[in-house]
Participant: 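Can you keep this structure in mind? I'll have questions shortly.
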Amino acid sequence: MAVPAPAVTSPVAWVLLLVLASIWGTSFILMKKGLVVFSAMELGATRVAVASLLLLPFALRHVGSVERSRFKWLALSGMVGTFIPAFLFAYAETKLASGLAGVLNALTVVFTLLVGALLFGQRLTGLRVLGITLGLVGTVVMLLLGGSGGAETPTGEGNAWYGVYILIATMGYGLSVNVIKHKLGGMTPVAVTSVLLLLIGGPALVYLLLGTAFLHKLSTVPGAWAAFGYIALLATMSTAVAMVLFNKLIQQSTALFASSSTYLIPIVALAWGALDGEAFNLWHFAGMVVILAGVLIIHRAR
């Protein structure tokens with residue numbers, strides 16, 4: 001049974017929200033730096049493998065006490081909320097500016113609501129439908145009119161549709177948030193995160209070591225260790241630590257409130273992107289405003 005959310009959001013929940021927004025807002029520039037040397041597949045596998053190894057001691061401590069019926073939900077949440085998005089975001093950022101990736105991440109709120117309505121009985125009102133529609137319209141404005149913000153083409157138009165990979169990833173996030181909230185209630189945040197990573201970390205590590213050129217690049221390519229450092233920091237903070245904090249936030253609030261860090265993530269991501277010289281035009285700004293307006297309506301709608 002899921003733990004009922006408190007009627008009033010606690011100060012601790014707000015602090016967790018701000019910390020998570022800062023951590024995840026920085027993750028997009030870290031991915032960009034890691035992709036300088038490593039491929040998207042190598043980055044995704046490294047991110048998952050390092051995070052699972054970091055929390056392995058906690059996983060071994062908790063795995064024996066997990067009810068058997070919950071392993072399927074942990075595996076599902078791990079795959080759609082961590083494993084697959086790690087590769088999708090990395091692949092998207094091979095052509096898409098990191099700041100724009102951070103803005104598109106706001107669609108997590110849209111899909112959290114959609115999945116909650118379709119699979120978990122959450123009420124879908126007219127205002128919430130409006131919010132969902134605005135979120136998707138804003139995405140089209142950003143990608144179709146604004147371009148990718150990258151440097152592969154003069155204005156990035158040809159690469160803008162790499163944002164679709166982020167769209168798919170946020171669908172997975174929306175499902176994962178609801179699974180954690182409705183199917184994994186009662187488990188501690190550390191238990192959820194560590195066991196979840198235990199289930200997906202093994203395949204990621206095997207693929208990384210046997211199916212990629214990761215070790216060869218690490219030993220021969222100049223700058224590889226620096227790039228690995230960025231990915232290791234990404235795995236430590238944005239995957240391992242942030243997932244524990246996020247699962248704690250889900251338990252202390254609602255699934256929608258927990259996903260509302262996406263209000264602040266774009267600001268942090270765009271700030272890092274600007275410092276790194278990424279393009280951000282008026283169409284990007286307009287699309288971001290429309291997306292965040294949709295997210296605001298979703299949160300305010302009853």
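Heavy-atom basis, side chains included; hydrogens, waters and symmetry copies ignored.
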Participant: Testing the basics here: between Ala86 and Arg47, what is the closest heavy-atom pair and its distance to 0.1 Å?
Facilitator: CB-CD, 4.2 Å

Participant: Where the side chain of Thr220 meets the backbone of His216, is there a donor-acceptor pair that is under 3.5 Å apart?
Facilitator: yes

Participant: Test side chain to side chain contact (heavy atoms under 4.5 Å, CB included) on Leu55 and Phe58 and set out the steps.
Facilitator: CA-CA 5 Å; Leu55 293 184; Phe58 299 97; 3.8 Å; yes

Participant: To the nearest 0.5 Å, tell me how far Leu167 CG sits from Met171 CE.
Facilitator: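 With rounding to 0.5 Å, CG (Leu167) is 4.0 Å from CE (Met171).
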
Participant: Going by the rule ring-ring contact (aromatic ring centres under 6.0 Å, His included), which residues pair with Phe71 if we only count those two or more places apart in sequence or in a different chain?
Facilitator: none

Participant: With the 4.5 Å side-chain cut-off for hydrophobic clustering, are Met237 and Leu53 part of the same group?
Facilitator: no

Participant: I would like to know whether Phe246 and Leu16 meet side chain to side chain contact (heavy atoms under 4.5 Å, CB included); could you show each step before the answer?
Facilitator: CA-CA 8 Å; Phe246 186 63; Leu16 287 173; over 6 Å; no

Participant: Decide yes or no on side chain to side chain contact (heavy atoms under 4.5 Å, CB included) for Thr239 and Val48, but give the supporting numbers first.
Facilitator: CA-CA 8 Å; Thr239 304; Val48 174; 5.9 Å; no

Participant: Please step through side chain to side chain donor-acceptor pair (under 3.5 Å) for the pair Thr26 and Trp272, ending with a clear verdict.
Facilitator: CA-CA 7 Å; Thr26 305; Trp272 281 113; 3.2 Å; yes

Participant: Is Ser22 reaching over with its side chain to a backbone N or O of Leu18, donor-acceptor style, under 3.5 angstrom?
Facilitator: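 Looks like yes, one N/O pair under 3.5 Å.
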
Participant: Check whether any side-chain heavy atom of Leu245 sits under 4.5 Å from a side-chain heavy atom of Val19, and report yes or no.
Facilitator: yes

Participant: Is there a side-chain contact between Asn105 and Phe28, using heavy atoms and a 4.5 Å cut-off?
Facilitator: yes

Participant: Just checking Phe87: does its CZ atom have more than 12 heavy atoms from other residues, nucleotides or ligands closer to it than 6.0 angstrom?
Facilitator: yes

Participant: Might you work through the side chain to side chain contact (heavy atoms under 4.5 Å, CB included) test for Asp276 and Lys33, ending with a clear yes or no?
Facilitator: CA-CA 10 Å; Asp276 204 48; Lys33 298 299 184 183; 2.9 Å; yes

Participant: Would you say Lys95's side chain and Ala92's backbone share a donor-acceptor pair under 3.5 angstrom?
Facilitator: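 It does not hold such a pair.
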
Participant: Ignoring hydrogens and angles, tell me if any N or O in the side chain of Glu93 forms a donor-acceptor pair with the backbone of Ala90 under 3.5 Å.
Facilitator: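 A pair under 3.5 Å: no.
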
Participant: For Phe120, is the CZ atom crowded, meaning more than 12 foreign heavy atoms sit under 6.0 Å from it?
Facilitator: yes

Participant: Counting neighbours of CG on Leu275 that are heavy atoms of other residues, nucleotides or ligands and sit closer than 6.0 Å, is the number greater than 12?
Facilitator: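 Check passes, neighbour count above 12.
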
Participant: Evaluate the side-chain proximity of Leu104 to Thr170: yes if any heavy-atom separation is below 4.5 Å, no if none is.
Facilitator: no

Participant: Measuring only between side-chain heavy atoms, which start at C-beta, is His62 closer than 4.5 Å to Thr188?
Facilitator: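 They are in side-chain contact.
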
Participant: Is there a side-chain contact between Val110 and Leu107, using heavy atoms and a 4.5 Å cut-off?
Facilitator: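 Sidechains of Leu107 and Val110: in contact.
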
Participant: With rounding to the nearest 0.5 Å, note down the distance linking OG in Ser194 to CZ in Arg61.
Facilitator: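 Answer rounded to 0.5 Å: 9.0 Å.
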
Participant: Under 3.5 Å, is there a donor-acceptor pair between the side chain of Thr139 and the main chain of Gly135?
Facilitator: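 Checking the backbone N and O of Gly135 against the side chain of Thr139, a donor-acceptor pair under 3.5 Å is found.
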
Participant: Can you tell me how far apart OG (Ser65) and CE (Met187) are? Round to the nearest 0.5 Å.
Facilitator: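 With rounding to 0.5 Å, OG (Ser65) is 7.0 Å from CE (Met187).
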
Participant: How would you list, by chain and number, every residue that makes a ring-ring contact (aromatic ring centres under 6.0 Å, His included) with Tyr165, sequence neighbours excluded?
Facilitator: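 With sequence neighbours excluded, Tyr165 shows a ring-ring contact (aromatic ring centres under 6.0 Å, His included) to Tyr91, Tyr162, given in chain and number order.
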
Participant: Do Arg128 side-chain atoms and Arg123 backbone N/O form a donor-acceptor pair below 3.5 Å?
Facilitator: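 Checked: pair present.
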
Participant: Would you confirm whether Asn281, through its side chain, and Trp283, through its main-chain N or O, come within 3.5 Å as a donor-acceptor pair?
Facilitator: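 Indeed, once roles are kept as given, a pair shorter than 3.5 Å links the two residues.
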
Participant: Got a donor-acceptor contact below 3.5 angstrom from the Trp73 side chain to the Leu184 backbone?
Facilitator: no

Participant: Output yes when a side-chain donor or acceptor of Trp24 lies under 3.5 Å from a complementary backbone atom of Ile265, and no otherwise.
Facilitator: no

Participant: Kindly give the heavy-atom pair with the smallest separation between Gly273 and Ser98, and that separation in Å.
Facilitator: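 Gly273 and Ser98 have their closest heavy atoms at CA-OG, 4.1 Å.
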
